[in-house]
There are 2 protein chains.
Amino acid sequence: MADTRTAARRSYPRDVVVRVLNESYDHPTAYTVYERARKIKPDISRGTVYRNLKLLTESSEALLLETGGEFAHYDGHTEEHSHFVCKKCGEITDIFAKPRVPEEISEMGLVVTEEKCIYYGYCNKCKEKDKKKEKKL
Amino acid sequence: MADTRTAARRSYPRDVVVRVLNESYDHPTAYTVYERARKIKPDISRGTVYRNLKLLTESSEALLLETGGEFAHYDGHTEEHSHFVCKKCGEITDIFAKPRVPEEISEMGLVVTEEKCIYYGYCNKCKEKDKKKEKKL
DNA sequence: CTCCTTATCAGTAATGATTACTATTATTAT
DNA sequence: ATAATAATAGTAATCATTACTGATAAGGAG
């Protein structure tokens, strides 16, 4: 006995959420994760999805992505990477290039354990659309 | 006449919001901005604050900061800079060091117009607390 | 294997930040 | 000044997320 800690138990609903995250490469919102989870376990509840998304992000098994849009997005692939968000269509693209952490930060005595870099702009598709528009004007 | 565009008008409530943002260096939440605006114009409404915060961030006159916490924060100082968030106390520190935008992004054809980098870790105060704790254990 | 503790769940109710709405006010061009 | 309409105060509505509750089940101890 002694020190019976609050530990994580394995459960099917949680596994379903993890599986959905692992199989998704489009940075789904919580609701989209819920919809996909329901295809596997139709009676999974919203609360379960939200609770597990929170637990998983807190334990760094998933990434929380706040892009400035209405909803939060989730990424089950935790290899270090950044994201590019198209301001026109909202598409999120993975950027597998490690951004340099400014030395200034550690010089200030701050201890950095994580970083989240989001780049904004226009994706290839939307970039082209703009060009066409300009021609019309 | 011709082309009567939707233009921004100057208004006192909007000026109040701008002034609060300019005078705040602690990255206030929308509600904090509202509280501070009320000290200047007691009958300013929440809707006005939210609407103007949205307009100001859309026009890049203010920065929207989503740190993973419960609320969004706002920063009226738009000189290019990043932020450091303490995972313990939540304090947000300005980092005036420009992070390098990975070349890979433009190589992918993506057009970058903005970037938001948030670093997470422990501030000087919380770092020290942890040290003391470790000694006890 | 059985018992026990309690983490987790499904389902539902509640929360509360943000947005929408509406009648009114105020800004700017003419 | 007048007209046109952007912006506001105040309030109601929205809806993503969280909290709650009784039931279930994971997993350690014996």
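A note on names: the letters A, B, ... follow the listed sequences, proteins ahead of strands, and every chain is numbered from 1.
Residues from residues 33-45 of chain A with heavy atoms under 4.0 angstrom of DNA chain C, sorted by number: A/Lys41, A/Asp43, A/Ile44, A/Ser45.
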For each nucleotide in nucleotides 14-27 of chain D, reading 5' to 3', give B when a protein heavy atom comes within less than 4.0 Å of its base, S when such contact involves only the sugar-phosphate, and - otherwise.
--SSB------BBS
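Taking B/Glu35 as the reference, nothing meets the salt bridge (charged side-chain N to carboxylate O under 4.0 Å, His left out) condition, with sequence neighbours excluded. Remark: B/Ser45 pairs with B/Thr48 by the side-chain contact (heavy atoms from CB on, under 4.5 Å) rule, at least two apart or across chains. Taking A/Arg14 as the reference, nothing meets the salt bridge (charged side-chain N to carboxylate O under 4.0 Å, His left out) condition, with sequence neighbours excluded.
With no hydrogens or angles considered, no side-chain donor-acceptor pair links A/Asp94 and A/His77 at under 3.5 Å. B/Asp26 and B/His73 share no donor-acceptor pair across their side chains, judged by distance under 3.5 Å alone.
With A/Lys87 contributing its side chain and B/Glu114 its backbone, the two residues share no donor-acceptor pair below 3.5 Å.
In this structure, the CG atom of B/Leu55 is 14 Å from the C1' atom of C/dT18, given to the nearest Å.
Of the residues listed (B/Leu63, B/Leu65, B/Thr57), the one engaging B/Tyr74 in a side-chain contact (heavy atoms from CB on, under 4.5 Å) is B/Thr57, and it is the only one. Of the candidates B/Tyr120, B/Tyr122, B/Phe84, A/Val112 forms a side-chain contact (heavy atoms from CB on, under 4.5 Å) with just one, namely B/Phe84.
Annotation for B/Glu103: atom CD does not count as buried by contact number, only 12 or fewer foreign heavy atoms lying within 6.0 Å.
A rotation axis mapping the C1' atoms of four pairs onto the next four is fitted at both ends of the helix from C/dC1-D/dG30 to C/dT30-D/dA1 over five pairs, and the angle between these axes is 50° to 10 degrees.
Contact detail for B/Ala97 and B/Ser82: the closest heavy-atom pair is O-OG, 4.0 Å.
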